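Encoded as structure tokens, here's the structure I'll be asking about.
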Amino acid sequence: MRSPRSFFAPLAVGAPAPVREIPTTPSRMIHFFDPSNEKLRARVPEMARSADILLANLEDAVAADRKEAARTGLVEVGRSANLGGTPLWVRVNALESPWVLDDLVTLVTEIGDVLDVVMIPKVEGPWDIAYVDRLLAQLEARAELQRPILVHAILETAAGVANVEEIAVASPRMQGISLGPADLAASRRMKTTRVGGGHPGYLVMADPDGDIARPSYQQDLWHYTLARMVDACTAAGIFPYYGPFGDIRDEPGCEAQFRAAYLMGCVGAWSLHPVQIAIAKRVFSPDPEEVRFARRVLEAIPDGSGVHMLDGKMQDDATYKQARVLVDLADMLARKDPELAEAYGQ
Ligand SMILES: CC(C)(COP(=O)(O)OP(=O)(O)OC[C@H]1O[C@@H](n2cnc3c(N)ncnc32)[C@H](O)[C@@H]1OP(=O)(O)O)[C@@H](O)C(=O)NCCC(=O)NCCSC(=O)C[C@](C)(O)C(=O)O
Ligand SMILES: [Mg+2]
């Protein structure tokens, strides 16, 4: 753990100064693509227009014999593609893998100036972030980068969840954390073969009541982890994201899982397929009706204090802050998306 006195000191001579605040930009979906795939590389400008964040995936889902092609493909994307301002992220291979060192050295050296965030899989504790932090600083210094590359951790081991609060504050580079439900399920010995989403066996049943059929309700397997992750991130001034939803054809299931995460405080989720970009856009952009009501709350309480009534609902300092969250998010998204700007009446 860094000393609070030197928290913002660069970790290598010549490395750029760490950021004091993590940029707040639209990040409703982190769109995954495999940069070893030539067809997808050609589509990068189109993907960058539709997604808030574009992520080149080098880790799981990229076969071992495609790892180098994926790294080289990403260097090509970083050098040549016009992303129109859409941030470019990378998920590097896991820290114990034979590929990660070359991933970091090559990418920071070759395209460090256009990489915004490095996503680190299977983070177990703050020591994993400390390792990446120092290495990035050394590489940034050598490449003479002018701004630091940020770090995003995936929460996908039981140890990672146990240490999530320390991971969130492990470095000023920490941009956010995503849930990794598949590896986390394996790490915890959960008995599910799904990538995110619910399970029909995880439910609560009403008490017996004579002969009446007992209703039962499916519960959210990820609630506890997501709640801890949201608190850890928000307390640290960084951003929480739901991760992937693997059943691409189950669009309503994906939408429900994304919405639960949105309501709980997540700023976005991953999209693994183009259909999930549209789902995330729908879910992580606040509902225009809610935004209209939130604006009325702000207008009704100009100085943000005292107690007021609006449509029979009590409003006070706390509801003012809730309204602020929605309105600020709507304003930020409206600046990017003309359709939303119109829906929000701007
Ligand atoms: C699921 C797959 C195989 C279905 O791919 P498909 O080709 O079978 O699907 P499709 O419906 O037939 O595709 C239609 C069109 O969309 C294209 N397409 C398809 N996907 C994309 C994409 N992402 N971006 C841009 N275009 C895409 C595809 O190439 C095709 O184009 P075409 O009509 O011209 O032929 C495919 O979508 C895919 O590979 N997605 C990314 C998978 C991935 O990154 N997985 C790793 C992240 S999840 C994870 O690692 C877990 C975690 C966190 O670690 C943990 O919980 O532990
Ligand atoms: Mg994983």
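Since the structure is predicted, the reported quantities are computational estimates derived from the model, not experimental observations. As the structure lists them, so they are numbered: ligands from 1, and atoms in each ligand from 1. For reference, positions follow the sequence shown, starting with 1.
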* **Residue Asp60 vicinity, atoms of ligand 1 by number, heavy atom under 4.0 Å** => 46 (C)
* Structure fact -> Under 4.0 Å from one or more heavy atoms of Asp183, ligand 1 contributes atoms 54 (O), 55 (C), 56 (O), 57 (O)
* Structure fact -> A student checking ligand 1 against His31 at a 4.0 Å heavy-atom cut-off should list atoms 22 (C), 23 (N), 24 (N), 25 (C)
* **Identified side-chain hydrogen bond (donor to acceptor under 3.5 Å, both in side chains) partner of Asp116 from the options Arg147, His152, Gln175** => Arg147
* Numbering as shown, the atoms of ligand 1 that approach Pro244 to under 4.0 Å (heavy-atom distance) -> 48 (S), 51 (C), 53 (C)
* Does the protein put any heavy atom within less than 4.0 Å of atom 52 (C) of ligand 1? -> yes
* Asked: Any non-hydrogen protein atom below 4.0 Å of atom 3 (C) of ligand 1?
  -> no
* To do: Hey, can you tell me if Tyr262 and Phe284 have their rings parallel, tilted or perpendicular (30° and 60° cut-offs)?
  => perpendicular
* Structure fact -> If we number the atoms of ligand 1 from 1 as shown, the ones under 4.0 Å from a heavy atom of Arg43 are 17 (C), 26 (N), 29 (O), 31 (O), 32 (P), 34 (O)
* Structure fact -> Per-atom filter on ligand 1: closer than 4.0 angstrom to a heavy atom of Asn57 are 44 (O), 46 (C)
* Structure fact -> Checking heavy atoms under 4.0 Å, the part of Arg91 that sits near ligand 1 is side chain
* Among side-chain atoms of Thr106 and Glu110, is any donor-acceptor pair under 3.5 angstrom? -> no
* **Point-to-point distance, once rounded to the nearest 0.5 Å, from NE2 of His308 to CD of Glu299** => 13.0 Å
* Please check if a non-hydrogen protein atom sits closer than 4.0 Å to atom 44 (O) of ligand 1. => yes
* To do: Using the six-membered ring wherever Trp is involved, compare the ring planes of Phe258 and Phe245 and label them parallel, tilted or perpendicular (cut-offs 30° and 60°).
  => perpendicular
* Using a distance-only test with no angle check, is there a side-chain donor-acceptor pair under 3.5 angstrom linking Arg91 and Ser178? -> no
* Asked: Taking both backbone and side-chain atoms of Glu59, is any N or O found less than 3.5 Å from an N or O belonging to ligand 1?
  -> no
* Asked: How about atom 8 (O) of ligand 1: does it have a protein heavy atom within less than 4.0 Å?
  -> no
* State whether the shortest distance between N or O atoms of Leu272 and N or O atoms of ligand 1 falls below 3.5 angstrom. => yes
* Side chain, backbone, both or neither: which part of Ala61 has a heavy atom under 4.0 Å from ligand 1? -> side chain
* Structure fact -> Looking only at heavy atoms, the pair that brings Glu166 and Pro126 closest together is OE1-CG, 3.6 Å
* Asked: Is there a protein heavy atom less than 4.0 Å away from atom 13 (O) of ligand 1?
  -> yes
* Everything protein-side that's N, O or S and under 2.8 Å from the Mg ion (ligand 2): list it, residue and atom. => Glu156 OE1, Asp183 OD2
* Looking at atom 23 (N) of ligand 1, is any protein heavy atom nearer than 4.0 Å to it? -> yes
* Short list, please: which atoms of ligand 1 are under 4.0 Å from a heavy atom of Met47? -> 24 (N), 25 (C)
* Numbered atoms and elements of ligand 1 in range of Leu40, under 4.0 angstrom, heavy atoms -> 25 (C), 26 (N), 27 (C)
* Any nitrogen or oxygen of Trp270, main chain or side chain, under 3.5 Å from a nitrogen or oxygen of ligand 1? -> no
* **Distance-only N or O hit between ligand 1 and Phe32, under 3.5 Å** => yes
